[in-house]
Amino acid sequence: MTNLRYKWTPFLMYGQKLEFKKNATVYRQGEQGNGFYYLDRGGLKIILLSANGHERTIDYVPTGGLSGEHGAFKGPYVTSAITTSPSVLYFFSDEALSNVCKDHPQAAVLFTNSQIYKVRLLAEIIAFQDCPVEQQMAHYLIRLYTIHENENVPIDQASFARYIDTSRITVNKILQKWRQQGLIELSSRGAIRIADVEKIREIAYKTGELEGMSLWK
């Protein structure tokens with residue numbers, strides 16, 4: 001499903017171009033939707049508010065990716081989206097989506113595949129919730145590496161802690177262990193570079209059951 005990136009680009013003429021400042025809320029979890037978004041420039045993180053009130057950063061949308069598909073045709077947004085930098089997005093209302101699919105029938109398949117991908121993503125996140133912290137962190141790194149096609153992953157220790165609902169001390173301890181093992185590199189600004197993708201993948205999917213349902217192999 002990662003090959004969906006940029007596939008919606010030919011249809012941008014149907015969308016409404018919007019500009020957002022950094023840390024702007026694009027849509028909120030629980031709100032009734034009236035469309036979805038395409039990220040043209042900038043960055044977008046996806047936040048999930050759990051039943052106990054904890055916020056988790058569960059995903060980072062790459063440029064050329066869709067977000068908020070669950071808000072199409074009056075569906076509720078199941079997550080929130082916040083910009084991580086000044087960003088340009090295209091908004092596709094329900095009417096715009098209908099027009100795209102009418103003029104370009106293949107767009108309906110692309111949109112449906114993107115919806116399926118997001119449902120599977122949430123299912124995988126839930127499956128990892130009860131795994132050890134180190135395994136959850138490895139899974140998150142592999143997911144970001146695969147989406148962005150880059151060993152330098154867009155995540156910091158604070159985001160790791162929010163994603164797994166643990167302390168930054170625990171996250172830092174694991175990162176330092178991986179650094180000593182040569183699995184990752186840490187910059188002075190806290191950025192993470194995966195030095196050994198296969199070893200991190202082994203940590204993430206060390207059980208047959210999880211490896212079989214992974215989107216990120």
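Taking both residues in full, the closest heavy atoms of Ala81 and Ser67 are given as CB-OG, 4.3 Å, listed atom of the first, atom of the second, then distance. Contact record, Ser114 with Leu66: OG-CD1, 3.9 Å, taken as the closest heavy-atom pair. Closest heavy-atom contact between Thr25 and Ile82: OG1-CG1, 4.1 Å. The two residues Thr84 and Lys22 have their closest heavy-atom pair at O-CE, 3.4 Å. Scanning all heavy atoms of the two residues, the minimum distance from Asp196 to Gly182 falls at CB-O, 4.3 Å. When every heavy atom of Gly71 is checked against every heavy atom of Asp94, the shortest pair comes out as O-OD1, 4.4 Å.
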- Please step through side chain to side chain contact (heavy atoms under 4.5 Å, CB included) for the pair Arg201 and Val197, ending with a clear verdict. CA-CA 6 Å; Arg201 196 188 307 274; Val197 174; 3.5 Å; yes
- Walk me through it: do Gln176 and Leu186 pass the test side chain to side chain contact (heavy atoms under 4.5 Å, CB included)? CA-CA 9 Å; Gln176 292 300 331; Leu186 298 174; 3.6 Å; yes
- For Val133 and Ile174, run side chain to side chain contact (heavy atoms under 4.5 Å, CB included): C-alpha distance rounded to whole Å, both residues' side-chain angles, the deciding distance at 0.1 Å, then the answer. CA-CA 9 Å; Val133 170; Ile174 293 172; 3.6 Å; yes
- Task: Using the side chain to side chain contact (heavy atoms under 4.5 Å, CB included) rule, take Lys199 and Gln181 through it: C-alpha gap first, then chi angles, then the decisive distance, then the call.
- Result: CA-CA 10 Å; Lys199 288 293 185 182; Gln181 294 173 341; over 6 Å; no
- Task: Verify side-chain hydrogen bond (donor to acceptor under 3.5 Å, both in side chains) between Thr9 and Tyr38, making sure each step is shown before the conclusion.
- Result: CA-CA 8 Å; Thr9 306; Tyr38 172 95; 2.7 Å; yes
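Tyr14 and Asp103 are linked by a side-chain donor-acceptor pair at a separation below 3.5 angstrom, with hydrogens and angles left out of the test. In this structure, a donor-acceptor pair under 3.5 Å is present between the side chains of Thr63 and Arg5.
Ser87 places a side-chain N or O within 3.5 Å of a backbone atom of Ser85 that can act as its donor or acceptor partner. Proximity of a side-chain donor or acceptor of Ser93 to a complementary backbone N or O of Ala96 within less than 3.5 Å is detected. The main-chain N or O of Leu89 is never found under 3.5 Å from a side-chain atom of Asp40 such that the two would form a donor-acceptor pair. No side-chain donor-acceptor contact under 3.5 Å links Glu19 to the backbone of Val88. Side chain of Thr170 to main chain of Thr166: no donor-acceptor pair is present (N/O by atom type, distance under 3.5 Å, no hydrogens or angles).
Contact of the Phe11 side chain with the His104 side chain is registered, since non-hydrogen atoms from C-beta on lie closer than 4.5 Å. At a threshold of 4.5 Å between non-hydrogen side-chain atoms, the residues Glu134 and Lys177 count as touching. In this structure, the side chains of Ile47 and Gln29 stay at 4.5 Å or more apart for every pair of heavy atoms. Residues Tyr90 and Leu39 form no side-chain contact, since every pair of their non-hydrogen atoms from C-beta on lies 4.5 Å or further apart. Looking only at side-chain heavy atoms (C-beta outward), Ile192 and Leu175 come within less than 4.5 Å of each other. Taking 4.5 Å as the limit, every side-chain heavy atom of Leu48 sits out of range of all side-chain heavy atoms of Val78. Counting heavy atoms from C-beta outward, Ile142 and Tyr205 have side chains that approach closer than 4.5 Å. For the pair Phe111/Phe92, no side-chain contact is recorded, criterion being any heavy-atom separation below 4.5 Å from C-beta on.
Classification of Glu69 and Lys118 as a salt-bridged pair holds, one side-chain N sitting under 4.0 Å from a carboxylate O. Ion pairing between Asp59 and Arg143 holds under the 4.0 Å rule for side-chain N and carboxylate O.
Evaluated for a side-chain contact (heavy atoms from CB on, under 4.5 Å) with Ile46, the options Thr79, Thr57, Val26 yield exactly one hit, Thr79.
Arg28 CZ: 12 or fewer foreign heavy atoms inside a 6.0 Å radius. The environment of Tyr145 atom OH is sparse: at most 12 non-hydrogen atoms of other residues, nucleotides or ligands sit within 6.0 angstrom. The local environment of CD in Glu95 is sparse, with at most 12 non-hydrogen atoms from other residues, nucleotides or ligands closer than 6.0 Å.
Aromatic pair Phe36/Trp8: ring centres closer than 6.0 Å.
Glu185 contributes atom CD, which lies 8.5 Å from atom CG of Asn152 (distance to the nearest 0.5 angstrom). To the nearest 0.5 Å, the span separating CD on Glu151 from CG on Leu144 amounts to 13.0 Å. Atom OG in Ser167 sits 10.0 Å away from atom NZ in Lys173 (nearest 0.5 Å). With values rounded to the nearest 0.5 angstrom, Ile116 atom CD1 is found 5.5 Å from Asn113 atom CG.
Linking ILVMFWY side-chain heavy atoms closer than 4.5 Å, directly or via other members, places Leu110 and Val119 in two distinct hydrophobic clusters. Hydrophobic clustering (side-chain heavy atoms under 4.5 Å, transitive across Ile, Leu, Val, Met, Phe, Trp, Tyr) keeps Ile169 apart from Tyr140.
Using bins of under 30°, 30° to 60° and over 60° for the plane-to-plane angle, the ring pair Tyr37/Phe91 lands in the tilted bin. Tyr27 and Tyr77 have parallel rings, their planes meeting at less than 30° on a 0 to 90° scale where 60° marks the start of perpendicular.
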